[in-house]
Structure formats: structure tokens, C-alpha cells
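This report refers to the structure that appears directly beneath it.
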Amino acid sequence: MAFNPRKFIGEQTSKIKETVGSEANAVIGASGGVDSTTAAVLAHRALGAKLHAVFVDTGFMREREAENTAAVFRELDIKLEVVRAGDEFFAALKGVTEPEAKRKIIGERFIRVFEREAKRSHAEFLFQGTIAPDWIESGAGTRDRIKSHHNVGGLPEKMGLRLVEPLRDLYKDEVRLVARELGVPPAIFNRQPFPGPGLAVRVLGELSPERVAVCRRACAIAEEEIEAGAGRGEFERPWQYFAVLLPVRSVGVQGDARSYKETVVVRAVSCADAMTAQPSRFPPEFLERLSARIANELKDKINRVVFDCTFKPPGTIEWE
Ligand code: XMP
């Protein structure tokens, strides 16, 4: 039977009211992505002002993410608090390079920030926008753990809050239908997915504010160019498209001088449900323009741009 977003919203709203009761408060981490925004609007429908929405700026967000998210929540009439926590995330991750260790630390730190916020708002419940691929790939049941998805991995056993995940049985396209039905603006529900740990899984090696800034800028350029190219009809808009910064330095030439700098990867894929994916097919002229712009705007930091043409499997969409 086809998925019915209206029915889903009705059922979930009642279920949330039942679970949380009429007295308790709840907190949700809103990242500005489609999953958490949808979960927040759904929870807000059921709980009204008892829902406390918090945007944690981990230091791994995309360009203008906090400002844009605040504007969307204002439009939705949901109060949003922005917490700047970048320093504590970078401090906790100092010297850490192993992908699973990074994910665990980020997940745990996130929960700590939340616990603080939850205490301030006297919340007993934590809402999360976890969707089906998040927990399937985090090793539920008999499946191997591919990666600890942020919404799932790293949750300390005793976090002192009861977890509610209203979207956990949905796939991305179903979440988008729910979002549209709930009046979430198209800028959000048409947005490409963005992982919970943010740019941290796109900056391989040690995380520093400087290296994350390079990835942030490269991601912004990739988004802008790819959306413009798709808008001009040069190719179909991919499912997901972004840049990755590698800690791999190579020799280049800039002006008359030798350079030895890190590498940016452009990743763009099409897929139906994020379980498998195909590399996007871009015209060569487009790839040239994109690579030239990234290399030029970031010439002080990187000297090489490569395109990732790996299918999932064997690659995953994100690099960590
Ligand atoms: P992978 O990289 O596993 O990603 O092929 C599949 C989809 O999930 C996104 N992703 C995440 N989403 N929390 C999330 O909410 C996470 O920790 C996380 N890690 C990956 C990824 O961007 C892709 O859309």
C-alpha cells in the first residue's frame, strides 16, 4: 500500500501525546535538515510550547546553517535556541583520526550538550529525526555495523532522557512527503541529506577549524555549481553532492612555485534510498568548471581536485 503522509502524521501526533503525556517537556536537536525539521514540526504539533528546539553549532555545519535554520523555524513559529559549541567539539576531537572514534566522540558530546539544554528546559524526552537507513546501517539485528550513524551510535546508556524517534521506520522520500504535508518550506524538504556529524565525516584525518573551513567552502561551491548546472538542464540534480577534504598532499605548481597541498574530492551520487548509489554523470565541461573554481578559490589550501566515481557498494556515500 502506498505511504500516506496524512495518516502517518495523525497516528504519530497521537502517539507522541500518549508517550510524553500532558505534563512533561521535550527537547529536540534541530540541524536544519529535512529529518530533524520534520521531527521537530511533528513533535511541535503534538506538544506545542513544551517542545524546546535546539540548534547545536558543532563547528561542523555548512555555510550560514545556523542563520538559515533560525529563519525557517521563525517561519514555522517554533522557538529555536542556537547553542555555539564548536570549541568543545574541537577540543574533544584533538588528535583523533579514526572515523568510528570521531563519530563516537561527536555523538557523545552532542548528548552532553543536550543534557545541559534539557536540564535548563526541564525536559524528560529527547526527540530525534532518526530514519530507517540510519539504524539499519548502524548494525541493528544481524547486519554488520557499517558506520555508527550519529543519530544512533554514541548514545550513552544513561543519558537521562527518554528517546522518541517518530520517523524511525521511514525512508528519505517518505520523510519528504511528511515534511511537505506538515508545511515545511520546500527549501528544507527539497534539500539534499546532510549527515548528523556534519562536515566532520567529510574532513578526513584530524579535525581543525581551518581544515573544516576548507571543506565548508568547497561544499558550498559544489552545491552552488551543481544546483546551477541542474537548474540550466545540463544534468539531473543528484541525490547528494558535496566535497571531501583528504589529508593527502600532492605536488603541484602554482605560479612559478612548487606546491605541496591537500586534496579536495567532489562526490555526487544518484540513488533511491541511500542503500545503494551511483556516481552522477556530469558533462566534462561542467566538471572542468567546477574543478577550476574550487582549485582557484581555495588555492592557498589545496592544489588538487578529484571526482569520486565509486558506486555504493563498495563505497559508502560519505567518506567516513
Ligand atoms: P552512507 O555514507 O552510509 O550514507 O552511504 C547514507 C546516507 O546517510 C547519510 N549519513 C548520515 N545521516 N547521521 C545521519 O543522519 C549520520 O551519522 C550519517 N552518516 C551518513 C549520508 O549523508 C547519506 O545520505
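Hydrogens, waters and symmetry mates play no part in the numbers below; they use all other heavy atoms, side chains included. Only a predicted model underlies this, so the values are computations on that prediction, with no experimental measurement involved. In each ligand, atom 1 is the first atom listed, and ligand 1 is the first ligand listed.
The main-chain N or O of V212 is never found under 3.5 Å from a side-chain atom of R202 such that the two would form a donor-acceptor pair. For K172 (side chain) and A132 (main-chain N/O), no donor-acceptor pair under 3.5 Å exists by modelled atom type.
Every heavy atom of Q192 sits 4.0 Å or more from the atoms of ligand 1.
Closest non-hydrogen pair, F242 versus C219, comes out as CB-SG, 4.0 Å.
Taking a cut-off of under 4.0 Å to the non-hydrogen atoms of K312, the atoms of ligand 1 that pass are 1 (P), 3 (O), 5 (O), 6 (C). Ligand-side atoms of ligand 1 in range of P193: 24 (O), range being under 4.0 angstrom from any heavy atom. Within ligand 1, the atoms closer than 4.0 Å to a non-hydrogen atom of P197 are 16 (C), 17 (O), numbered from 1 in the order shown. If you number the atoms of ligand 1 from 1 as listed, the ones under 4.0 Å from a heavy atom of G196 come out as 12 (N), 13 (N), 14 (C), 15 (O), 16 (C).
Taking only nitrogen or oxygen atoms, main chain and side chain alike, Q240 reaches within less than 3.5 Å of ligand 1.
Taking a cutoff of 4.0 Å between a charged side-chain nitrogen and a carboxylate oxygen, R191 and E65 qualify as a salt bridge.
For R103, every heavy-atom contact with ligand 1 shorter than 4.0 Å involves the side chain, none the backbone.
Ring-plane geometry between F60 and F89 is classed as perpendicular, the angle between the planes exceeding 60 degrees on a 0 to 90 degree scale with a lower cut at 30.
Separation of atoms CZ (R304) and CZ (R249) is listed at 13.5 Å; rounding is to 0.5 Å.
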